[in-house]
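Supplied in structure tokens, the structure appears directly below.
Since the model is a prediction, treat every value here as computed from it, not as a measurement. Naming: A, B, ... by sequence-line order, numbering from 1 per chain.
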2 protein chains.
Amino acid sequence: MSPYDPSAFPPFAVTVDLVVLTVRRHALCALAVRRGESPFQGRWALPGGFVRPDEDLSAAAARELVEETGLCAHDPDSPVQANGAHLEQLATYGDPKRDPRMRVVSVAHLALAPDLPAPRAGGDANSARWAPVDALLAQGGYGREDEQATPLAFDHAQILSDGVERARSKIEYSSLATAFCPPEFTVGELRRVYEAVWGVALDPRNFHRKVTGTPGFLVPTGGTTTRQGGRPAQLFRAGGATLLNPPMLRPDV
Amino acid sequence: MSPYDPSAFPPFAVTVDLVVLTVRRHALCALAVRRGESPFQGRWALPGGFVRPDEDLSAAAARELVEETGLCAHDPDSPVQANGAHLEQLATYGDPKRDPRMRVVSVAHLALAPDLPAPRAGGDANSARWAPVDALLAQGGYGREDEQATPLAFDHAQILSDGVERARSKIEYSSLATAFCPPEFTVGELRRVYEAVWGVALDPRNFHRKVTGTPGFLVPTGGTTTRQGGRPAQLFRAGGATLLNPPMLRPDV
DNA sequence: GTGTTTATCGTCAGGAAGACGACTATGATC
DNA sequence: GATCATAGTCGTCTTCCTGACGATAAACAC
């Protein structure tokens with residue numbers, strides 16, 4: 001087989017799909033849009049769209065993220081967090097039958113965002129919402145008789161599942177959990193992020209010792225807050241460290 | 001922008017490129033093929049080729065792997081090791097200018113193989129060889145006046161670098177290092193794999209304690225060998241465990 | 001036999017994490 | 001204003017894991 005033969009290559013459509021995760025009311029939620037057209041009309045799907053002819057993959061993902069959420073994405077290599085989300089490539093899905101109409105290869109990206117106001121619907125999707133990932137992935141199961149109980153369109157359940165697993169494992173050994181927090185946050189708020197993403201309860205005392213004892217993870221801003229009730233808590237910003245060594249240990253599993 | 005509009009999508013070429021790694025003579029090596037045609041004619045590149053119209057991405061990668069090495073690839077989810085290599089998706093590269101002729105999106109895959117006899121050249125590549133990754137990535141640097149000192153074609157240096165980094169980090173927390181070993185191997189041989197991939201020296205006694213003390217990592221076959229010289233060493237096969245918990249710690253960095 | 005090489009077992013100190021007690025500083029309630 | 005509930009913060013103790021390194025074992029080369 002002759003590689004890169006410009007005269008005879010099978011044409012593909014290339015899209016980006018986004019797994020946008022946030023933590024709302026102690027639950028890990030993903031952004032879902034309702035499809036307005038066939039196939040899978042009326043079903044929920046991940047936001048996404050075609051890559052433009054002269055657009056890089058990461059640029060396409062960032063553009064879709066802005067269109068859907070208004071979030072400004074940061075480069076994967078500069079994990080600063082201003083009013084933006086963390087964005088990284090997740091994986092690529094190219095089963096020949098994943099789209100019944102034509103051959104579509106989708107480069108999925110993962111975005112982590114702090115809790116936001118209502119999502120803004122893109123021009124093409126007639127509605128968008130944050131939904132708990134458990135509900136989105138519970139296929140036909142436990143959900144109320146809600147449109148949420150229907151499976152996601154295309155192979156988006158698989159993509160979402162892979163994105164959630166990436167997020168779950170990545171907060172173990174990186175400081176990425178701070179991407180779910182506002183610019184200033186307390187140790188307790190960060191702990192609730194871990195608890196929501198992992199679905200477990202963590203010991204507040206050991207967690208406090210761990211995160212405050214890891215150099216470069218958190219830097220105190222000097223302020224305090226009582227927005228969570230109880231005794232006032234110190235406010236922190238994310239420090240420069242991106243890798244946690246030793247990592248945060250996820251209980252049992 | 002209307003997603004999945006079959007009447008108006010920009011056509012892309014989709015390829016798979018392979019980072020095939022092995023350990024030869026205590027060095028981490030990658031499979032490189034010499035390009036027989038323009039662009040980058042005569043330069044070294046990663047093996048790869050077009051995805052066929054009705055072929056899944058992983059199937060295309062497995063096919064290319066067989067064509068280049070004769071290795072039978074295993075499914076990423078069934079990490080058994082018979083006469084086959086570990087194969088997993090690495091990342092996707094889609095810079096609009098990465099191929100000067102047309103828009104090509106390449107889904108790179110990472111393969112880990114035991115030390116093999118000479119690679120077999122595919123029909124399209126006039127030569128193929130194992131080369132130390134250090135030499136392939138040393139752009140214009142230290143190499144002898146060898147064709148190896150020229151940078152790899154396209155963005156393949158970046159792809160190879162990402163693949164090597166993935167391998168380096170993945171053997172920390174998984175049993176994947178056994179994919180570099182023959183079906184039966186000794187603790188010392190496994191240690192030399194880690195040393196070659198990480199480029200460090202490990203304490204033989206602590207390494208032995210770690211790998212033999214991790215349940216499911218190694219299972220003794222009962223046999224022994226002296227092929228490394230010295231006192232006879234027990235032979236092991238890879239156990240069922242795929243995740244190492246706690247992980248193997250990489251010194252310093 | 002002596003030396004060299006590799007494998008394997010053991011010991012010890014230091015660090016990190018889980019379990020959990022205790023105290024502190026707010027707001028809510030009586 | 002006293003009491004209570006809530007959340008945050010500091011310690012202690014035990015256990016496990018790792019790194020450093022001594023010691024022994026079993027082959028081969030001479």
Side-chain angles (χ1 to χ4, degrees), chain A residues 25-26 171-173 181 184-196 198 200-237 241 243-253, chain B residues 25-26 171-173 181 184-196 198 200-237 241 243-253:
Chain A
R25 282 171 290 129
H26 294 193
I171 64 173
E172 287 187 50
Y173 58 90
C181 294
E184 296 197 351
F185 53 89
T186 70
V187 172
E189 288 164 348
L190 184 62
R191 175 170 48 82
R192 279 180 276 276
V193 164
Y194 275 91
E195 292 178 332
W198 284 347
V200 297
L202 299 176
D203 185 284
R205 299 157 290 190
N206 292 337
F207 184 87
H208 189 277
R209 176 182 61 192
K210 172 69 177 174
V211 295
T212 58
T214 300
F217 191 7
L218 301 180
V219 293
T221 67
T224 61
T225 182
T226 61
R227 61 188 174 214
Q228 301 287 342
R231 168 175 166 181
Q234 273 190 85
L235 284 170
F236 294 88
R237 246 179 297 113
L243 257 42
L244 298 188
N245 206 315
M248 182 83 61
L249 292 185
R250 175 155 41 158
D252 33 272
V253 170
Chain B
R25 283 170 290 128
H26 294 192
I171 64 174
E172 287 187 49
Y173 57 90
C181 295
E184 296 197 352
F185 53 90
T186 70
V187 172
E189 289 165 347
L190 183 62
R191 174 170 49 82
R192 280 180 275 276
V193 165
Y194 276 91
E195 291 178 332
W198 285 345
V200 298
L202 299 176
D203 185 285
R205 299 157 290 190
N206 293 336
F207 184 86
H208 189 278
R209 175 182 63 191
K210 172 71 177 173
V211 296
T212 58
T214 299
F217 191 7
L218 302 180
V219 292
T221 66
T224 62
T225 183
T226 61
R227 62 189 174 213
Q228 301 289 341
R231 168 176 165 180
Q234 273 190 87
L235 283 170
F236 294 87
R237 247 180 295 112
L243 258 41
L244 298 188
N245 204 315
M248 182 85 60
L249 291 185
R250 177 156 38 159
D252 34 272
V253 169

Separation of atom CZ in Arg209(A) from atom P in dG15(C), rounded to whole Å: 14 Å

Side chain to side chain, His26(A) and Glu195(A), heavy atoms closer than 4.5 Å: no

Atom pair distance, as rounded to whole Å: CG in Asn245(B) and P in dA17(C): 13 Å

Contact boundaries on DNA chain D for chain A, cut-off under 4.0 Å to non-hydrogen atoms: dT6(D) to dT12(D)

Within-4.5 Å side-chain heavy-atom neighbours: Phe217(A) and Lys210(A): no

CG on Leu202(B) to CZ on Arg192(B), rounded to 0.5 Å: 11.5 Å

Straight-line distance of Phe185(B) CZ to Arg227(B) CZ, nearest 0.5 Å: 10.0 Å

Which residue lies more 5' along DNA chain D, comparing Gly229(B) with Ala233(A) via nearest heavy atoms: Ala233(A)

Paired stretches of DNA chain C - 3 or more consecutive Watson-Crick or G-U pairs, each distance under 3.5 Å: C:1-30 with D:1-30

Contact under 4.0 Å: His208(B) side-chain N or O vs dT8(C) OP1/OP2: yes

Spacing of OG1 belonging to Thr221(A) relative to CD belonging to Gln234(A), to within rounding of 0.5 Å: 8.0 Å

Gap between atoms CG and P, on Leu218(B) and dA7(C) respectively (whole Å): 14 Å

Phe207(B) vs Met248(B) side-chain heavy atoms within contact, under 4.5 Å: yes

Rounded distance [0.5 Å steps], CD in Glu189(B) versus CG in Leu235(B): 7.5 Å

Within-4.5 Å side-chain heavy-atom neighbours: Ile171(A) and Val193(A): no

Touch class at under 4.0 angstrom, heavy-atom based, for Arg227(A) against every strand present: nothing

Tyr173(A) OH to dA16(C) P, straight-line distance once rounded to whole Å: 21 Å

dC12(C) OP1/OP2 closer than 4.0 Å to side-chain N/O of Arg205(B): no

Atom CZ of Arg25(B): over 12 foreign heavy atoms under 6.0 Å: no

Distance, rounded to the nearest Å, where Asp203(B) contributes CG and dT8(C) contributes C1': 12 Å

Interatomic distance, Asn206(A) CG vs dG21(C) P [rounded to whole Å]: 13 Å

Between C1' of dG18(C) and OH of Tyr194(A), the distance in whole Å: 17 Å

Earlier contact from the 5' end, DNA chain C, for Gly230(A) and Lys210(A): Lys210(A)

Value in whole Å for how far the P atom of dT6(C) lies from CD of Gln234(B): 18 Å

